[in-house]
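Here the structure comes first, spelled out in structure tokens, and everything after it is commentary.
Counting begins at 1 with the first residue of the sequence. Heavy atoms only: backbone and side chains are in, while hydrogens, waters and symmetry mates are out.
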Amino acid sequence: MGTLETCIAAMSEDDDSSGWHLTESDPAVFTELLKALGTPYIVDDLHSLDPDALSALQPIRALIFLFKCLPLAAEEQNSLAGEYDPDFTGFFAHQTVNNACATLAVINALGNIPSLKAHYRLTDLLSFTTGMDPQTCGMAIASADWLREAHNDLSPPSTISLDGLGIPKKTEDAYHFIVYLPVSGSVYELDGLKPHPVRHGTFEDSDDGWLRKAREVIENRIATYPPSAIEFSLLAVRDDPLPAMKKQLQLLREAGNDAAVAEMLLKISDETSRREQWAFENSLRRHNHISLAHATLLALEKAGLLQPAIENARKVMRERRRQDGFAGMDED
């Protein structure tokens with residue numbers, strides 16, 4: 001079975017997801033998951049693979065790559081990059097349930113970080129799976145109720161069901177999370193839908209050596225997509241910078257360097273504001289807005305404003321589609 005077929009089979013709407021919900025590719029979501037796992041890491045968006053962009057986030061522990069599954073021929077081309085390592089001595093688990101690939105990518109990354117500091121439940125799980133084959137390891141991870149709850153915390157299920165309405169189901173694009181990271185002097189790709197880790201070669205022993213190699217691999221993979229494609233995103237798992245910033249601030253104060261202290265305070269303020277924004281966004285993700293939307297529609301109907309609002313929305317949509325060159329398409 002090819003990667004595309006496997007990806008679609010694993011994410012099919014008709015299959016039982018075992019209670020794991022889809023995860024949004026967002027730094028706030030992944031950082032909250034890492035916090036729930038008790039790790040000292042955060043996740044940042046990577047909008048560029050330029051060395052300067054990567055060096056600003058050092059140390060980077062792993063890269064999480066989200067991509068759209070391509071037609072089988074293109075996936076076979078991707079599979080030519082690197083080589084399977086059936087003798088991989090690190091941690092590797094298969095994806096055995098739907099929608100778990102985001103958390104599985106995180107676990108596959110954390111399981112290969114030396115001297116990992118984490119919540120006892122995660123360290124116990126990693127210890128329990130030591131020596132297991134990838135399939136059994138993946139089943140153990142999928143069976144961890146506390147991990148599934150942490151995964152689902154910011155991705156609540158939809159409360160709207162279209163079953164029984166006779167609406168034909170549309171085939172949706174399949175997306176998948178994998179992770180790239182350094183293990184034992186080589187860059188590895190850990191994909192829970194592949195039988196083994198993929199080894200992409202050794203790297204120079206320097207601060208950004210593994211990132212240079214990973215950048216090359218990821219850029220080659222992105223090059224298999226059409227030039228205008230945007231069906232992927234890249235996230236960096238990195239050390240939380242706040243503790244180091246606060247430690248540096250203390251040293252600067254002791255040294256009496258007022259200018260540097262002011263600059264560091266500004267950096268800490270910016271980082272703290274970003275965390276507050278993440279917390280606000282996550283609070284919105286946890287909230288069920290269906291009741292609010294329903295109440296709003298009822299209020300518009302009672303005021304006689306619902307139908308005019310619908311007609312105005314259709315007018316706006318027609319104009320938008322006309323501008324985008326999609327005139328004549330179904331508005332509903």
Worksheet item: Do the charged groups of K194 and E189 touch, with an N to O distance under 4.0 Å?
Response: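 Result for this pair is yes, salt bridge flagged.
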Run the side chain to side chain contact (heavy atoms under 4.5 Å, CB included) test against [X] and tell me which residues pass, sequence neighbours left out.
| X | answer |
| --- | --- |
| T103 | W20, L33, I107, L147, H151 |
| P197 | F88, F92, Y188, L190 |
| P182 | F203, W210 |
| D133 | Q135, T136 |

Fill in: side chain to side chain contact (heavy atoms under 4.5 Å, CB included) assessment of R238 paired with Q58
CA-CA 7 Å; R238 58 181 295 228; Q58 287 280 29; over 6 Å; no
Shortest non-hydrogen contact from [X] to [Y]?
| X | Y | result |
| --- | --- | --- |
| R148 | A142 | NH1-O, 4.3 Å |
| A140 | M132 | CB-SD, 4.4 Å |
| A214 | L63 | CB-CD1, 4.1 Å |
| P27 | V43 | CB-O, 3.2 Å |
| T123 | Y120 | OG1-O, 3.0 Å |
| G201 | K213 | CA-CE, 4.3 Å |

Item to complete: Output every pair passing ring pair (Phe, Tyr, Trp, His ring centres under 6.0 Å) with a member in residues 25-53, not counting sequence neighbours, ordered by first then second residue.
Response: F30-F177
Fill in: Within residues 230-280 or reaching into it, pairs that qualify as ring pair (Phe, Tyr, Trp, His ring centres under 6.0 Å) - sequence neighbours excluded
Y225-F232
I'd like a table of donor-acceptor pairs (distance under 3.5 Å, sequence neighbours excluded) in which one partner is a side-chain atom from residues 249-266, with atom names and distances.
unit_1 : atom_1 : unit_2 : atom_2 : d
Q250   : NE2    : E254   : OE2    : 3.2
N257   : OD1    : A260   : N      : 3.1

Item to complete: Kindly state each residue pair satisfying salt bridge (charged side-chain N to carboxylate O under 4.0 Å, His left out) with at least one member in residues 23-40, sequence neighbours excluded.
Response: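 Checked against salt bridge (charged side-chain N to carboxylate O under 4.0 Å, His left out) - neighbours excluded - the pairs reaching residues 23-40 are E24-R285, D26-R285, E32-R286.
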Item to complete: Start with the C-alpha gap between T202 and S186, add the side-chain angles, then the distance that decides, and say whether side-chain hydrogen bond (donor to acceptor under 3.5 Å, both in side chains) holds.
Response: CA-CA 4 Å; T202 59; S186 295; 5.7 Å; no
Please identify each residue that fulfils salt bridge (Lys or Arg N to Asp or Glu O under 4.0 Å) with [X], with sequence neighbours left out.
| X | result |
| --- | --- |
| R121 | none |
| E216 | none |
| D124 | none |

Test of understanding: clusters of I, L, V, M, F, W, Y form through side-chain heavy atoms closer than 4.5 Å, transitively. Do [X] and [Y] belong to the same one?
| X | Y | answer |
| --- | --- | --- |
| L110 | W146 | yes |
| I268 | L57 | no |
| V237 | L242 | no |

Practice prompt. Would you sort out whether T272 and E276 count as a side chain to side chain contact (heavy atoms under 4.5 Å, CB included), showing the intermediate values?
Written response: CA-CA 6 Å; T272 301; E276 292 172 351; 3.9 Å; yes
Practice prompt. Tell me, with the steps shown, if V198 and E83 meet side chain to side chain contact (heavy atoms under 4.5 Å, CB included).
Written response: CA-CA 5 Å; V198 178; E83 58 184 11; 5.9 Å; no
Side chains of [X] and [Y]: closer than 4.5 Å at any heavy-atom pair?
| X | Y | result |
| --- | --- | --- |
| F65 | R221 | yes |
| P40 | D239 | no |
| R212 | R215 | yes |
| V179 | D191 | no |
| I42 | R274 | yes |
| D240 | R275 | yes |
| T129 | F91 | yes |
| H94 | M139 | no |

Straight-line distance of [X] [atom1] to [Y] [atom2], nearest 0.5 Å:
| X | Y | atom1 | atom2 | result |
| --- | --- | --- | --- | --- |
| R61 | T39 | CZ | OG1 | 11.0 Å |
| L104 | I178 | CG | CD1 | 11.5 Å |
| N152 | T23 | CG | OG1 | 7.5 Å |
| L22 | N99 | CG | CG | 4.0 Å |
| L297 | L305 | CG | CG | 12.0 Å |
| S55 | L211 | OG | CG | 9.5 Å |

Worksheet item: Mind checking what makes side chain to side chain donor-acceptor pair (under 3.5 Å) contact with Q307, not counting sequence neighbours?
Response: E311
Worksheet entry | Parallel, tilted or perpendicular, as decided by the 30° and 60° cut-offs, for the rings of Y84 and H196 | perpendicular
Discussion item. Could you go through L234 and I218, starting from their C-alpha distance and side-chain angles, then the distance that decides it, and tell me whether this counts as side chain to side chain contact (heavy atoms under 4.5 Å, CB included)?
Written reply: CA-CA 9 Å; L234 190 62; I218 294 171; 3.9 Å; yes
